[in-house]
Amino acid sequence: MLVDSHCHIHNKGYFELAPDEILQHAHKNGVDKCIVIGTDPKDSEVACKFALQHKEVWWTYGYHPNDYDGNKAKLESDLKKAKNNVLKSEKLVAIGEIGLDYHFDGYNRDWQAYLLENMLQIAQDMQLPVSFHIRDAFDDFWPIFDNFHLPTSVLHSYSDSEENLEKGIAKGFFFGVNGLSTFAQIPHPPLERIILETDAPFLTPKPFRGTINKPGYVKNIADWAAEYYQVAFDQVAAITTANVEKLFKI
Ligand SMILES: [Zn+2]
């Protein structure tokens, strides 16, 4: 059995296929559990609803660093509302995706740090693991991360340097491996520290580049991993599924 530990299939705007077809395609490919990832307060509510409607789906509460407009009063009221409502829902497995993203210009770095700290406080208070989205920003990320006490967490879609990979390993992180590994030159974490994800509808793996990504393609990422790590497909499935089940208690 395989798990898609990070996808956005709850967001209807992205998909041509109906959710039930997407999940059927996943099952056909041996992907029997999915975690849908919230990217802002509204989107996280949609993720929650979607998870409650599908037995094989769990959800996260997140706020992507590029989606925050710096309005502190609004953030405070959104998070307060969430604490009294959606954060009490079943099948919530993590906070995220949250983090820092310096890849594109035009996003205020102080706002990103402020948002990240507010979200990490929730993760710490609820003792939930975190799905981190960190892009070109690890120098600023590590000191913020070190200020909190969190359960073992994940660096989703890891594609940074070997040096930061080593730091992440030393700090106990797991690493989300997706379609990027099948077509880009990036560092590869040790097999025992990876979990598989699609980030669907983005980052479609080989050989489906150019089409919309979906959770069933975790199988193709597992194929890649079996070849890269020189182990049997079933061993990749067993290790990565055990990792994700332990991390997110699903
Ligand atoms: Zn994502």
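Note that ligands are numbered from 1 as they come in the structure, with each ligand's atoms numbered from 1 the same way.
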Examine all N, O or S atoms of His8, backbone included, and report whether one is under 2.8 Å from the Zn ion (ligand 1). yes

Are any N, O or S atoms from His133 nearer to the Zn ion (ligand 1) than 2.8 Å? no

Report, as yes or no, whether the 6.0 Å neighbourhood of atom CD on Glu117 holds more than 12 heavy atoms from other residues, nucleotides or ligands. yes

Tell me the side-chain hydrogen bond (donor to acceptor under 3.5 Å, both in side chains) pairs involving residues 234-247, sequence neighbours left out? Lys33-Glu245

Could you identify the N, O or S atom of Asp199 positioned closest to the Zn ion (ligand 1)? OD1

Of all N, O or S atoms in Glu97, the one closest to the Zn ion (ligand 1) is OE2

Please report the closest heavy-atom contact between Leu165 and Tyr158, naming both atoms and the distance. N-OH, 2.9 Å

Using a cut-off of 6.0 Å, state whether more than 12 heavy atoms not belonging to His149 lie near its atom NE2. no

